[in-house]
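Computed from a predicted model, the values in this text were never measured in an experiment.
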Amino acid sequence: MVITHHANDMSHIQIVYYSSGESTHSLAEAIRDGASEYGRARLLRILPQHLRHGRYPIQAFIDELQDASAIIFGSPTFMGGPAAQFKAFADASSAGWCRQAWADKIAAGFTIGGNLNGDQQCTLAYFSTLAAQHGMLWCGLDIAAGYSPEGLNRLGCQLGATAHSPDGKLHPSDLATARHLGRRVARLAQRMRAIARLEEQQT
């Protein structure tokens, strides 16, 4: 089957993340840059002032999230999991859980820690579980650690993009891996939109 891409097939990627400083934000920007090669990509940064009595006002962004082809989750790893600010967003997303409002959207994740093994995998596992709760399709990395000529996925995590930043500075390989993940998610989302459009034309 030959799929011809149409302007309407361009993917729309939402990158939802919390960053306590600038390192997670820099990863989010790298993912956005990669995703932008295959469509529209927007950063939705969770800020502390967004929260009211511990709750995240997701209704203010619900239309943008619903319109997305893919949603990429991000947070630094704190105490073996995502930051509480991201968890507030995740809890608020339960408003659409019963009707599976995000079903069949592509999902992915990224995180960062101060140690080489700071349980970052647990944060990515949390993101993938959140995606499964919503009926989303998880997209990990397609790079075997140590086999990329560009040195991508240097930390060897297939579940998503991880970074190690002991001094607040990001390793160039981690940023390049984040860009690769953005491209991969947006490319797959573009293909899925094209297939869905073709199916609509055939019915």
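Of the candidates Ile112, Thr77, Thr162, Thr77 is the only one forming a side-chain contact (heavy atoms from CB on, under 4.5 Å) with Thr123.
Gln120 places no side-chain N or O within donor-acceptor distance of the main-chain N or O of Pro76, the cut-off being under 3.5 Å. When atom types are taken as modelled, the side chain of Arg45 and the backbone of His25 share no donor-acceptor pair closer than 3.5 angstrom.
Within the 4.5 Å cutoff, the side chain of Phe78 has heavy atoms near those of the Ser20 side chain. Trp138 places a side-chain heavy atom less than 4.5 Å from the side chain of Leu159. Inter-residue side-chain proximity for Pro82 and Phe73 is flagged as unmet; no heavy-atom pair is nearer than 4.5 Å. A heavy-atom distance below 4.5 Å is not found between the side chains of Tyr18 and Thr24. For the pair Leu44 and Ile15, the minimum side-chain heavy-atom distance is 4.5 Å or more.
Going from atom CG of Leu130 over to atom NZ of Lys87 covers 9.0 Å, rounded to the nearest 0.5 Å. Annotation: the span from Arg191 atom CZ to Ser11 atom OG amounts to 11.5 Å, rounded to 0.5 Å. We find the NZ-CD distance between Lys105 and Gln100 to be 12.0 Å, quoted to the nearest 0.5 Å. Going from atom NE2 of His164 over to atom CG of Asp174 covers 9.0 Å, rounded to the nearest 0.5 Å. Between the NE2 atom in His134 and the CZ atom in Arg99 there is a gap of 10.5 Å [rounded to 0.5 Å].
When the side chains of ILVMFWY residues are joined at heavy-atom separations under 4.5 Å, either directly or via intervening members, Tyr17 and Leu141 end up in a single hydrophobic cluster. Neither Trp102 nor Ile106 shares a network with the other; the hydrophobic side chains, linked directly or stepwise wherever heavy atoms of I, L, V, M, F, W or Y lie under 4.5 Å apart, form separate groups for each. A continuous path of Ile, Leu, Val, Met, Phe, Trp and Tyr side chains, each step under 4.5 Å between heavy atoms, connects Leu188 with Ile72, placing both in one hydrophobic cluster. Using a 4.5 Å cut-off between side-chain heavy atoms of Ile, Leu, Val, Met, Phe, Trp and Tyr, with links allowed through other members, Leu124 and Ile31 fall into different hydrophobic clusters. Both Leu170 and Phe110 sit in one connected hydrophobic cluster of ILVMFWY residues. Membership requires side-chain heavy atoms under 4.5 Å apart, directly or through other members.
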Which atom pairs, donor and acceptor, lie under 3.5 Å between side-chain atoms of residues 61-71 and protein residues at least two apart or in another chain?
residue : atom : partner : partner atom : Å
Glu64   : OE1  : Arg42   : NE           : 3.2
Glu64   : OE1  : Arg42   : NH1          : 2.7
Gln66   : NE2  : Ala101  : O            : 2.9
Asp67   : OD2  : His12   : ND1          : 3.0
Ser69   : OG   : His12   : N            : 3.0
Ser69   : OG   : Arg193  : NH1          : 3.1

Identify every side-chain donor-acceptor pair in residues 177-186 under 3.5 Å, counting partners at least two apart or on other chains, and give the distances.
residue : atom : partner : partner atom : Å
Thr177  : OG1  : Asn153  : N            : 2.8
Thr177  : OG1  : Ser173  : O            : 2.8
His180  : NE2  : Asp142  : OD1          : 2.7
Arg183  : NH1  : Glu37   : OE2          : 3.3
Arg184  : NE   : Gly140  : O            : 2.8
Arg184  : NH1  : Asp142  : OD2          : 3.3

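Across all their heavy atoms, Thr111 and Ser75 have their closest contact at OG1-O, 2.6 Å. The shortest heavy-atom contact between Cys122 and Gly80 is CB-O, 3.2 Å. In plain terms, the two heavy atoms of Ile13 and Ala189 that are nearest each other are CD1-CB, 4.2 Å.
When ring centroids are compared, Phe86 and Phe127 come within the 6.0 Å threshold.
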